[in-house]
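Chain letters run A, B, ... following the sequence lines, proteins first and then strands; every chain starts at 1.
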There are 2 protein chains.
Amino acid sequence: MQLSEWLTGQADDSLHTIREFKRGDRIYSTGDTPEYLYLVSSGLVGLTILSPAGAEHLLRLFGRGSYFGHRSFLAQETYHADAIALEPTRIYCVPGEFVRSALKNDFQLTSDLLQQLARDLGRAERQRVDWLEADVNSRVAQALIYLKERYGQHRWTRAEIASFCGSTVSTVIKTLARFEDQGWISQQGREIIVRDRHALLALSAEDS
Amino acid sequence: MQLSEWLTGQADDSLHTIREFKRGDRIYSTGDTPEYLYLVSSGLVGLTILSPAGAEHLLRLFGRGSYFGHRSFLAQETYHADAIALEPTRIYCVPGEFVRSALKNDFQLTSDLLQQLARDLGRAERQRVDWLEADVNSRVAQALIYLKERYGQHRWTRAEIASFCGSTVSTVIKTLARFEDQGWISQQGREIIVRDRHALLALSAEDS
DNA sequence: CGTTAGTTTGAGGCAGATCAACTTTGGTGG
DNA sequence: CCACCAAAGTTGATCTGCCTCAAACTAACG
């Protein structure tokens with residue numbers, strides 16, 4: 001059994017609290033002590049970290065059925081990022097102690113979690129290296145495809161895209177304009193439509 | 001009990017192979033399938049990932065008593081990086097299956113590993129954000145202090161420092177020259193001596 | 001003492017950040 | 001339903017940190 005399934009079960013059994021958030025609301029803040037694991041019932045949650053210079057960076061996203069808050073809980077550290085609702089969101093809060101004892105008694109659950117963390121770590125490390133050399137074109141292209149395909153229901157702002165791919169609003173806008181000139185995408189007001197997914201992905205590959 | 005202790009025990013019990021490497025030797029390569037966990041008996045091992053453009057990036061380091069190879073093993077993925085001996089190195093290789101069954105029977109061991117991975121993930125994510133804005137000065141300063149204090153016995157080359165802090169050999173050398181002008185460090189041939197640790201650390205803090 | 005690995009320096013260029021002024025969008029309440 | 005206003009988007013000018021490249025020098029090791 002996977003942890004998300006188990007958490008869903010807990011939610012059904014009412015061993016939980018339900019909380020509602022609207023866009024921009026904060027679920028927890030950097031430095032808080034973890035007490036719960038969170039399971040998204042509906043909506044969208046973003047994990048944002050504040051850089052020394054004050055810019056917000058979007059680290060990870062959690063949609064319906066995803067759980068979060070586990071990293072800090074397992075590390076026994078305080079949160080290293082803020083969890084913010086990007087849309088009106090409904091969340092199950094499962095007390096950490098329930099989770100801990102479940103892990104103790106169910107190796108399958110633990111094993112699943114180990115695998116999850118190990119994969120996340122791999123992704124994070126590879127991404128750090130990729131980003132160091134990838135230009136803004138490929139970072140924006142990748143971000144665009146990921147955000148639109150994985151969380152297509154959300155109306156992504158230029159600011160959110162910028163904070164996800166580690167750039168600035170101005171630069172993202174200029175990049176999108178360039179993409180539109182090429183016919184890779186089209187923009188109608190705030191809406192962005194991907195026209196040529198293949199061409200966008202090619203940007204990441206063609207590293208001279 | 002921590003995993004490193006357990007692995008040490010396994011080493012003593014001879015449930016292992018011992019292998020020796022000299023500087024530059026490869027312990028495993030990106031894409032290989034994990035079969036062992038590795039425990040460093042002596043020497044120094046670096047995990048390096050090859051960027052799309054062909055530059056080597058030093059991700060993590062493992063000295064005497066540290067284990068590595070666990071991330072890919074737990075993720076059930078092939079290796080995402082190369083493990084290279086940075087000095088003459090002696091390593092215990094413990095078959096992965098031994099480890100897996102030990103984890104199954106010892107929750108304490110597993111719990112320790114979960115915590116380790118969760119902390120590494122936090123570090124990796126925070127570092128990605130920090131690096132996006134930190135200039136070369138602060139990156140080199142941080143790298144210098146970490147490498148010298150944590151692995152002081154190793155003669156670090158400019159290339160190793162560059163690959164650890166995501167820069168180039170030329171830039172690292174110019175930065176070190178600047179530091180020397182300021183009196184933060186002094187250089188004698190290839191040797192670097194930190195003179196003012198405090199001033200170097202201040203570079204990371206003073207983000208305008 | 002030759003050869004390789006490591007270090008140094010300078011010139012030149014460019015991607016992308018910054019800043020500031022401006023326009024558009026779309027939701028809200030009157 | 002319209003007017004308004006805050007939030008979101010757009011554009012151009014400017015600036016600079018760091019990479020690139022190339023050529024020479026120096027240390028270390030067999």
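- The minimum heavy-atom distance between B:Phe164 and B:Ala143, with the atom names listed, is CD2-CB, 3.8 Å.
- Comparing A:Thr168 and B:Trp156 by the nucleotide of DNA chain C that holds the closest heavy atom to each, the one mapping nearer the 5' end is B:Trp156.
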inquiry  = So if I define the base as every atom that isn't primed, P, OP1 or OP2, how would nucleotides 25-30 of chain D read as a B/S/- string at a heavy-atom cutoff under 4.0 Å?
reply    = --BS--

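- Separating the CD1 atom of B:Ile185 from the P atom of C:dT7 is a distance of 13 Å, rounded to the nearest angstrom.
- What separates CH2 of B:Trp131 from P of C:dA17 is a distance of 18 Å, to the nearest Å.
- Counting only heavy atoms from C-beta on, B:Thr157 has its side chain closest to C:dG6 among D:dC19, D:dC18, C:dG6.
- Judged purely by atom type and a 3.5 angstrom limit, B:Ser138 has no side-chain atom pairing as donor or acceptor with the backbone of B:Ala134.
- Taking side-chain N and O atoms only, A:Arg158 has no distance below 4.0 Å to OP1 or OP2 of D:dA8.
- No salt bridge links B:Arg155 with B:Glu160; every basic N to acidic carboxylate O contact stays at or beyond 4.0 Å.
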Identify each atom pair where a protein N or O and an N or O of nucleotides 10-13 of chain C are less than 3.5 Å apart, giving names and distance.
residue, atom, partner, partner atom, Å
C:dG10, O6, B:Lys174, NZ, 3.2
C:dA11, N6, B:Lys174, NZ, 3.4

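- Scanning all heavy atoms of the two residues, the minimum distance from A:Thr8 to A:Ser4 falls at OG1-O, 2.7 Å.
- Straight-line distance from the CD atom of A:Gln188 to the C1' atom of D:dA8: 17 Å, rounded to whole Å.
- Atom CD1 in A:Ile173 sits roughly 17 Å away from atom P in C:dA20 (whole-Å rounding).
- Aromatic ring centres of B:Tyr92 and B:Tyr67 lie farther apart than the 6.0 Å criterion allows.
- Taking a 6.0 Å sphere around CZ of A:Phe73, one finds it holds more than 12 heavy atoms contributed by other residues, nucleotides or ligands.
- Taking every heavy atom of both residues into account, A:Tyr79 and A:Glu35 meet most closely at OH-N, 4.1 Å.
- When the C1' atom of D:dA8 is taken as reference, atom CZ of A:Arg23 falls 10 Å away, rounded to whole Å.
- Remark: A:Thr171 is not in phosphate contact with C:dG16, judged by side-chain N or O atoms under 4.0 Å from OP1 or OP2.
- Checked against side chain to side chain donor-acceptor pair (under 3.5 Å), B:Ser186 has the following partners two or more places apart in sequence or in another chain: B:Arg195.
- Following rounding to the nearest Å, B:Leu132 (CG) and D:dG17 (C1') show an atom-to-atom distance of 15 Å.
- Over its full length, the helix from C:dC1-D:dG30 to C:dG30-D:dC1 turns its helical axis through 50°, comparing axes from the five pairs at each end and rounding to 10°.
- Following rounding to the nearest Å, B:Glu133 (CD) and C:dA17 (P) show an atom-to-atom distance of 10 Å.
- The ring pair (Phe, Tyr, Trp, His ring centres under 6.0 Å) analysis of residues 185-204 of chain B, with sequence neighbours excluded, yields no pairs.
- Rounded to whole Å, atom C1' of C:dG6 lies 14 Å from atom CD of B:Glu191.
- Using bins of under 30°, 30° to 60° and over 60° for the plane-to-plane angle, the ring pair A:Tyr146/A:Tyr151 lands in the perpendicular bin.
- Side-chain contact check for A:Leu147 versus A:His154: every heavy-atom pair is 4.5 Å or farther apart.
- Listed by first then second residue, pairs satisfying side chain to side chain donor-acceptor pair (under 3.5 Å) with a partner in residues 43-60 of chain B read A:Glu125-B:Arg60, A:Glu133-B:Ser51, not counting sequence neighbours.
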